[in-house]
Novice: 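Okay, handing you the structure first.
Because the structure is a prediction, the values reported are computed rather than measured. Residue numbers count from 1 along this sequence.
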Amino acid sequence: MSRISYIEDFLTWEKEFSFYIPVSVRFSETDMYGHVNNVSPFIYFEEARIAYLHHIGFLSKDMRQKDGIIVVDLQCNYLKELYFGDDIRVYVKTASVGNTSFDIHYKVVRQEEVILTARGRLVYMDTEKKEPQKLTEALKQKLIET
């Protein structure tokens with residue numbers, strides 16, 4: 001496997017994941033050759049990211065009214081092809097936490113084989129002012145603990 005810039009030690013990185021969602025690749029996510037279209041993994045990442053943020057208690061109904069999270073950067077490394085009908089697990093973990101933003105990483109696995117890796121930066125926003133806001137210590141702790 002070629003080096004992925006945001007992964008220093010692949011085996012260590014891979015073992016740090018615990019949260020995942022199961023996904024079955026749908027026909028509508030494939031191209032005319034039957035493999036997953038290159039934009040479809042970003043749908044999986046969104047679904048897993050939202051489930052992860054709910055799971056760790058970062059998202060709540062109150063937050064969605066005034067506070068928000070926006071994705072400002074998202075990249076994917078395609079290691080193997082996915083096909084219609086594949087059952088996969090989309091893993092998510094917090095990679096780093098800053099003052100107003102945090103990075104999360106993704107790992108997509110079919111059976112026990114890593115098919116995709118990805119990373120993204122999310123910014124914590126004041127949706128009324130339309131500007132980044134500082135993560136509270138409580139929110140930082142929720143992100144760090146997982």
Side-chain angles (χ1 to χ4, degrees), residues 1-61 63-64 67-127 130-136 138-146:
M1 174 185 325
S2 63
R3 177 138 164 57
I4 299 169
S5 64
Y6 51 89
I7 302 173
E8 195 166 315
D9 174 2
F10 192 85
L11 293 177
T12 301
W13 176 86
E14 187 177 15
K15 290 177 185 175
E16 293 171 346
F17 288 90
S18 59
F19 180 85
Y20 74 90
I21 62 165
V23 173
S24 249
V25 175
R26 296 167 284 261
F27 181 77
S28 63
E29 297 162 346
T30 62
D31 60 22
M32 62 190 259
Y33 303 109
H35 33 64
V36 168
N37 183 287
N38 63 341
V39 300
S40 294
F42 293 89
I43 298 166
Y44 310 149
F45 302 149
E46 177 186 52
E47 189 177 347
R49 177 175 60 249
I50 291 168
Y52 173 71
L53 293 172
H54 277 291
H55 173 76
I56 66 173
F58 193 92
L59 287 180
S60 70
K61 288 183 180 181
M63 278 187 63
R64 284 185 254 154
D67 303 336
I69 300 167
I70 62 165
V71 176
V72 297
D73 177 30
L74 188 57
Q75 77 180 75
C76 177
N77 294 84
Y78 303 87
L79 308 177
K80 303 276 183 173
E81 292 178 313
L82 284 171
Y83 298 93
F84 167 64
D86 279 349
D87 291 318
I88 58 176
R89 292 184 310 264
V90 183
Y91 287 84
V92 185
K93 70 176 180 175
T94 301
S96 64
V97 179
N99 289 322
T100 61
S101 66
F102 54 100
D103 282 9
I104 57 177
H105 287 187
Y106 306 88
K107 172 180 77 166
V108 176
V109 175
R110 177 181 53 216
Q111 295 171 349
E112 297 306 315
E113 183 177 28
V114 178
I115 305 299
L116 305 166
T117 67
R119 58 148 306 279
R121 176 157 295 163
L122 287 76
V123 175
Y124 187 50
M125 296 287 292
D126 180 317
T127 57
K130 306 276 191 229
E131 60 186 35
Q133 65 178 334
K134 287 192 176 213
L135 288 159
T136 65
L139 289 175
K140 284 184 180 182
Q141 200 60 38
K142 287 179 182 184
L143 291 165
I144 292 168
E145 288 175 355
T146 56

Novice: What heavy-atom pair brings Gly120 and Leu74 nearest, and what distance separates the two atoms?
Specialist: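 Reported closest heavy-atom pair: CA-CD1, 4.0 Å.
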
Novice: Using atom types as modelled and distance alone, determine if a side-chain donor or acceptor of Thr30 lies under 3.5 Å from a backbone N or O of Phe84.
Specialist: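 No, Thr30 side chain to Phe84 backbone: no donor-acceptor pair under 3.5 Å.
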
Novice: Identify the two heavy atoms, one from Arg110 and one from Asp86, that lie closest to each other, and give their separation to 0.1 Å.
Specialist: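 Residues Arg110 and Asp86, closest heavy atoms: NH1-OD2, 2.8 Å.
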
Novice: Taking atom CZ of Arg49 and atom CD1 of Ile21, what is their separation to the nearest 0.5 Å?
Specialist: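 Arg49 atom CZ to Ile21 atom CD1 measures 10.5 Å (nearest 0.5 Å).
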
Novice: When rounded to the nearest 0.5 angstrom, what distance separates CG in Asp9 from CD in Glu14?
Specialist: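 Taking CG in Asp9 and CD in Glu14, the distance rounds to 10.5 Å.
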
Novice: Ignoring hydrogens and angles, state whether a donor on the side chain of Gln75 or Tyr6 is under 3.5 Å from an acceptor on the partner side chain.
Specialist: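 Checked: Gln75/Tyr6 side chains show no N/O donor-acceptor pair below 3.5 Å.
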
Novice: How long is the span from the NE2 atom in His105 to the OG atom in Ser96, to the nearest 0.5 Å?
Specialist: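 Spacing of NE2 (His105) from OG (Ser96) equals 6.5 Å.
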
Novice: Under 3.5 Å, is there a donor-acceptor pair linking the side chains of Thr94 and Tyr52?
Specialist: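 Checked: Thr94/Tyr52 side chains pair up, N/O donor to acceptor below 3.5 Å.
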
Novice: Before you tell me yes or no, could you show the steps for Tyr106 and Thr117 under side chain to side chain contact (heavy atoms under 4.5 Å, CB included), namely the whole-Å CA-CA distance, both residues' side-chain angles and the distance that decides it to 0.1 Å?
Specialist: CA-CA 6 Å; Tyr106 306 88; Thr117 67; over 6 Å; no

Novice: Any side-chain heavy atom of Ile56 sitting closer than 4.5 Å to one from Glu145?
Specialist: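 No. Closest side-chain heavy atoms not under 4.5 Å.
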
Novice: Between Lys140 and Asn99, is the side chain to side chain contact (heavy atoms under 4.5 Å, CB included) condition met? List the steps.
Specialist: CA-CA 9 Å; Lys140 284 184 180 182; Asn99 289 322; 3.5 Å; yes

Novice: Checking Lys142 against Phe58: charged group under 6.0 Å from the ring centre and within 45 degrees of the axis?
Specialist: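 No, Lys142 does not lie over the aromatic ring of Phe58.
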
Novice: Taking atom OH of Tyr20 as the centre, does the number of heavy atoms from other residues, nucleotides or ligands within less than 6.0 Å exceed 12?
Specialist: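 No, because the 6.0 Å sphere around OH of Tyr20 holds 12 heavy atoms or fewer from other groups.
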
Novice: Any chance you could lay out the side chain to side chain contact (heavy atoms under 4.5 Å, CB included) test for Asp73 and Arg119, step after step, and finish with the verdict?
Specialist: CA-CA 8 Å; Asp73 177 30; Arg119 58 148 306 279; 2.5 Å; yes

Novice: If the threshold is 4.0 Å, N to carboxylate O, is there a salt bridge linking Glu112 and Arg89?
Specialist: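 Arg89 and Glu112: salt-bridged.
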
Novice: Using the six-membered ring wherever Trp is involved, compare the ring planes of Phe42 and Phe45 and label them parallel, tilted or perpendicular (cut-offs 30° and 60°).
Specialist: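 Phe42 and Phe45: perpendicular rings.
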
Novice: Applying the side chain to side chain contact (heavy atoms under 4.5 Å, CB included) criterion to Ile88, which one of Val36, Val108, Leu116 satisfies it?
Specialist: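 Among Val36, Val108, Leu116, the one that satisfies the side chain to side chain contact (heavy atoms under 4.5 Å, CB included) with Ile88 is Val108.
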
Novice: Which atoms form the tightest heavy-atom contact between Leu135 and Gly98, and what is the distance?
Specialist: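 Leu135 and Gly98 have their closest heavy atoms at CD1-O, 3.7 Å.
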
Novice: In terms of the angle between their ring planes, are Trp13 and Phe17 parallel, tilted or perpendicular, with boundaries placed at 30° and 60°?
Specialist: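 If you compare the ring of Trp13 with that of Phe17, the planes turn out perpendicular.
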
Novice: Tell me, with the steps shown, if Ile4 and Leu79 meet side chain to side chain contact (heavy atoms under 4.5 Å, CB included).
Specialist: CA-CA 10 Å; Ile4 299 169; Leu79 308 177; 4.2 Å; yes

Novice: Does atom CD of Glu8 have more than 12 heavy-atom neighbours, drawn from other residues, nucleotides or ligands, at distances under 6.0 Å?
Specialist: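 No, the 6.0 Å shell around CD holds no more than 12 heavy atoms from other groups.
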
Novice: Minimum heavy-atom separation for Cys76 to Ala118, with atom names?
Specialist: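 Heavy atoms only, the tightest pair is CA-CB, 4.0 Å.
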
Novice: Give, for atom CZ of Arg121 and atom CG of Asp103, the distance between the pair rounded to the nearest 0.5 Å.
Specialist: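 Rounded to the nearest 0.5 Å, the CZ-CG separation comes out at 4.0 Å.
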
Novice: How many angstroms lie between atom CG of Leu139 and atom CD1 of Ile144, to the nearest 0.5 angstrom?
Specialist: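 CD1 of Ile144 is found 11.0 Å from CG of Leu139.
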
Novice: Looking at CD1 of Ile69 and OG1 of Thr127, how far apart are the two atoms once the value is rounded to the nearest 0.5 Å?
Specialist: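 It is 11.5 Å, given to the nearest 0.5 Å.
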
Novice: Taking the side chain from Tyr78 and the backbone from Asn38, do they hold a donor-acceptor pair closer than 3.5 Å?
Specialist: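 Judged by distance alone, yes, a pair lies under 3.5 Å.
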
Novice: Taking the side chain as everything from C-beta on, heavy atoms only, tell me whether Leu53 gets closer than 4.5 Å to Leu122.
Specialist: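 Heavy-atom side-chain distance check passes, below 4.5 Å.
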
